Each structure stands twice: as C-alpha cells, then as structure tokens.
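Worth saying up front: this structure is predicted, and the values here are computed from it rather than measured. Along the sequence shown, residues carry numbers from 1. Every heavy atom of this structure was used, including side-chain atoms; hydrogens, water molecules and symmetry mates were not.
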Amino acid sequence: MVAQDRKECTSTPTPRLFIFTYGTLKRGFSNHTLMQDLMRTGDATFVSTCRTAENYPLVCGPYRVPFLLNMAGSGQAVTGELYAVSVSGLARLDELEGISRGHYERLSITVELDNGDGDDGSYGGEGVTCAEAYYAHRSYAAEMWKRNGMKGLTVYSEKEAKGYVKRKDRPHNLTFLDHIQLFLHSQD
C-alpha cells in the first residue's frame with residue numbers, strides 16, 4: 001500500500017466587519033430580508049443586540065426612513081443589532097444604503113453589547129466593540145436634526161416604523177435626495 005501525500009486543509013477566515021444596524025435592517029423590519037439573504041450565503045452573522053456607547057440622534061425622515069446622525073453627544077444612546085459582515089456582504093449593504101449616491105455614509109461607531117441577562121435590558125459595558133454604522137450623509141444631517149426639533153429616538157421600533165414606505169412604493173420621478181430636501185423644507 002502506497003501512502004498518499006495528505007494536504008492539510010487550511011482555510012483563511014473571510015475578513016469581517018462589524019455593522020451596527022438601527023433601523024430597517026433589524027429583525028422584523030422591511031429591509032431585514034437582505035440581512036437574512038446575507039446570513040443564508042454566509043456573508044453575515046448576527047452577533048448581539050447592542051446600543052451605542054455614546055449618545056447620537058436617531059430621527060425619522062421622509063417616508064419614516066430612519067437616520068442616525070453623526071453628531072456624538074447629541075440625542076440618546078441608540079439600541080440596535082450588531083452583525084459581522086463579509087466584504088461582499090458589505091458591498092450589498094453599501095448599495096442598499098446609497099453610499100455612492102450620497103444617501104448615507106458608513107463610518108465608525110462604538111457599541112456596547114447586550115449583557116444577555118434578559119431581565120432589564122441593561123448593557124454590561126464589558127462587551128464594548130468598534131463597528132461601523134450607516135449615518136445620514138453630512139450634506140443634510142444637521143438640517144435633519146433641526147427638522148426633527150433636535151429630538152431623537154432611543155430605538156426605531158414598530159411605532160416609529162408605522163407609515164414607512166418601501167423604496168419600490170415611493171414616487172419614482174424624484175431621487176432619494178430630492179425627497180430628503182422636500183422633507184427638510186416642508187412645514188408639517
């Protein structure tokens with residue numbers, strides 16, 4: 001019997017980035033189907049519920065679309081979900097969030113992971129990690145904060161999502177940035 005050379009199977013883990021989701025990408029919301037697809041293909045993994053380590057404004061814009069504003073120190077700690085996402089998964093999220101079109105910006109954020117005791121929803125502080133989040137683009141973020149009366153949310157829940165209009169159901173004659181500008185300059 002001739003011994004065959006065995007090659008060791010060594011696999012390099014796919015690089016992953018932590019993404020903090022706070023709105024429609026969370027479980028139970030309209031764009032979570034993308035996260036489910038990414039998890040099915042191995043391009044995303046749910047890590048934990050979490051909240052921002054610092055206060056940030058979380059507001060709703062046109063069509064009840066949620067926006068996290070890159071204004072650390074304003075607003076409140078925001079609750080969301082943390083996912084580990086592959087490079088190819090990140091490209092799909094960037095496309096959804098309109099990174100190349102100036103809708104959102106993907107920037108760093110520090111989050112505290114849920115301590116998992118399930119009793120009071122408290123966060124232990126020992127599970128602090130760096131992640132990235134999709135913030136409202138800087139070209140309109142400050143105006144969005146003013147338009148919302150400089151009041152933010154702690155969580156984008158079913159209550160805040162009531163009235164959310166999916167992208168396919170919005171008027172197609174205007175761009176998303178046009179809708180934002182109309183919202184910012186409307187009176188109601």
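The shortest distance between side-chain heavy atoms of Val111 and Ile109 falls below 4.5 Å.
The shortest non-hydrogen separation linking Leu25 to Met35 is O-CG, 3.4 Å. Scanning all heavy atoms of the two residues, the minimum distance from Leu58 to Tyr22 falls at CD1-CD1, 3.4 Å. Of all heavy-atom pairs spanning Pro57 and Met71, the tightest one is CD-O, 3.5 Å. Closest approach of Tyr140 and Gly102 over heavy atoms only: CE2-O, 4.0 Å.
Note on Val155: it does not cluster hydrophobically with Val65, by side-chain heavy-atom contacts below 4.5 Å among ILVMFWY residues.
Donor-acceptor pairing under 3.5 Å is lacking for the side chains of Asp114 and Ser48. At a cut-off of 3.5 Å, with distance as the only test, no side-chain donor of Gln36 or Thr33 sits close to an acceptor on the other residue. In this structure, a donor-acceptor pair under 3.5 Å is present between the side chains of Tyr63 and His179.
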Problem set entry | Evaluation steps, side-chain contact (heavy atoms from CB on, under 4.5 Å), between Arg106 and Leu90 | CA-CA 10 Å; Arg106 184 170 38 86; Leu90 197 58; 3.6 Å; yes
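For Phe67 and Tyr134, the ring centers sit 6.0 Å or farther from each other.
Figure legend: cation-pi geometry between Arg101 and Phe176 absent, as NZ or CZ is not positioned both under 6.0 Å from the six-membered ring centre and within 45° of its axis.
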